[in-house]
Amino acid sequence: VQLQASGGGLVQAGGSLRLSCTASGRTFSDYYMNWFRQAPGKEREFVAAINWSGQFTTYADSVKGRFTISRDNAKNTVYLQMNSLKPDDTAVYYCARDTSFSSDTSHYTGRRDMISWGKGTQVTVSS
């Protein structure tokens, strides 16, 4: 499975961006999908997760209420709508296919064992 993330860019604080991640493969509707991010000099951190149907989602506390993860299985794409962006949201954002879904954010802390990772897309938020 190949994942291709896009939609990053430069935005002012308070602005919005929508990231997209398109997957190859004919069984995308079976995939559990996540977004992670990595800021310069920091560890990669969990952002959001969505189950195969899109019915269930999980968010890191730092983005809850501002970011929304969604998916369109007909388009093999998962999205991350990011609103009210802050300079602390500046990072490279990665999509990833996971082996499972959890409503507990601790399930995602420090994990690197995704089935596959996208190449990442840069998001820069200016103050």
Side-chain angles (χ1 to χ4, degrees):
V1 174
Q2 290 188 326
L3 303 175
Q4 181 64 52
S6 61
L10 173 63
V11 64
Q12 288 189 329
S16 299
L17 281 174
R18 188 177 81 157
L19 306 183
S20 300
C21 174
T22 301
S24 63
R26 295 188 292 178
T27 58
F28 178 75
S29 58
D30 293 340
Y31 300 171
Y32 302 103
M33 297 297 297
N34 305 331
W35 286 97
F36 288 79
R37 67 186 181 186
Q38 187 165 15
K42 294 188 177 181
E43 294 287 317
R44 189 172 297 186
E45 65 174 1
F46 168 74
V47 175
I50 191 166
N51 79 321
W52 63 272
S53 69
Q55 181 179 6
F56 298 107
T57 57
T58 302
Y59 296 95
D61 287 344
S62 58
V63 306
K64 198 173 294 183
R66 300 188 298 122
F67 291 11
T68 302
I69 187 171
S70 62
R71 66 191 297 158
D72 185 339
N73 287 340
K75 296 182 178 180
N76 280 18
T77 301
V78 61
Y79 303 99
L80 186 68
Q81 177 66 44
M82 305 185 295
N83 298 330
S84 302
L85 282 161
K86 306 174 182 179
D88 283 350
D89 295 318
T90 295
V92 177
Y93 284 70
Y94 299 89
C95 59
R97 180 188 171 193
D98 203 346
T99 57
S100 62
F101 171 83
S102 175
S103 59
D104 185 350
T105 56
S106 65
H107 171 77
Y108 301 97
T109 302
R111 285 188 58 210
R112 298 292 180 265
D113 60 331
M114 301 292 124
I115 295 174
S116 55
W117 291 89
K119 285 191 176 180
T121 184
Q122 176 71 47
V123 171
T124 303
V125 184
S126 63
S127 57

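Bear in mind the structure is a predicted one, so any value in this text is a computation, not a measurement.
Residues S127 and A13 approach most closely at CA-CB, 4.4 Å, considering heavy atoms. G7 and L17 make their closest contact through O-CD2, 3.9 Å (heavy atoms, listed as atom of the first residue, atom of the second, distance). The shortest non-hydrogen separation linking S126 to L10 is CB-CD1, 4.3 Å. Closest approach of E43 and R112 over heavy atoms only: OE1-NH2, 3.5 Å. Heavy-atom minimum distance, A96 versus L3: CA-CD1, 3.8 Å. Nearest heavy atoms, G8 versus V123: CA-CG2, 4.1 Å.
Under the 4.5 Å side-chain criterion, counting only non-hydrogen atoms from C-beta, D98 is in contact with H107. Between R111 and T99 the shortest side-chain heavy-atom distance falls below 4.5 Å. W52 has its side chain out of reach of Y31: every pair of non-hydrogen atoms, C-beta onward, lies at least 4.5 Å apart.
Rounding to the nearest 0.5 Å gives a distance of 6.0 Å between CZ of F67 and CG of L80. Going from atom CG of N51 over to atom OG1 of T58 covers 8.5 Å, rounded to the nearest 0.5 Å. Going from atom CG of D89 over to atom CZ of R37 covers 5.0 Å, rounded to the nearest 0.5 Å. To the nearest 0.5 Å, the span separating OG1 on T121 from OH on Y94 amounts to 10.0 Å. Atom CH2 of W35 sits about 12.5 Å away from atom OH of Y59, to the nearest 0.5 Å. Between atom OH of residue Y108 and atom CZ of residue F101 there is a gap of 5.0 Å, rounded to the nearest 0.5 Å.
When only modelled atom types and interatomic distance are considered, T124 and Q122 share a side-chain donor-acceptor pair under 3.5 Å. Between the side chains of S102 and D104, no donor N or O sits under 3.5 Å from an acceptor N or O. In the model, N76 has no side-chain atom that pairs as donor or acceptor with a side-chain atom of T22 under 3.5 Å.
Under the 4.5 Å side-chain contact rule for hydrophobic residues, F56 and Y32 share a cluster. Cluster annotation: M82 and Y79 are assigned to distinct hydrophobic clusters (Ile/Leu/Val/Met/Phe/Trp/Tyr, side-chain heavy-atom contacts under 4.5 Å, transitive). V92 and L85 fall into different hydrophobic clusters, where Ile, Leu, Val, Met, Phe, Trp and Tyr side chains are chained together by heavy-atom contacts under 4.5 Å.
Ion pairing between a basic and an acidic side chain is recognised when a charged N comes within 4.0 Å of a carboxylate O; D61 and K64 show such pairing.
Between the side chain of R71 and the backbone N or O of G54, no donor-acceptor pair lies under 3.5 Å. When atom types are taken as modelled, the side chain of T90 and the backbone of V125 share a donor-acceptor pair closer than 3.5 angstrom. Between the side chain of S24 and the backbone N or O of Q2 there is at least one donor-acceptor pair closer than 3.5 Å.
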Stepwise, does the side chain to side chain contact (heavy atoms under 4.5 Å, CB included) test hold for Q38 with E45? CA-CA 6 Å; Q38 187 165 15; E45 65 174 1; over 6 Å; no
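When the shell of 6.0 Å around CD of Q4 is examined, it contains 12 or fewer heavy atoms from other residues, nucleotides or ligands. More than 12 heavy atoms of other residues, nucleotides or ligands shown are found within 6.0 angstrom of CH2 on W117.
Between F46 and F36, the ring planes are perpendicular. Angles over 60° get that label, and only those under 30° would be called parallel.
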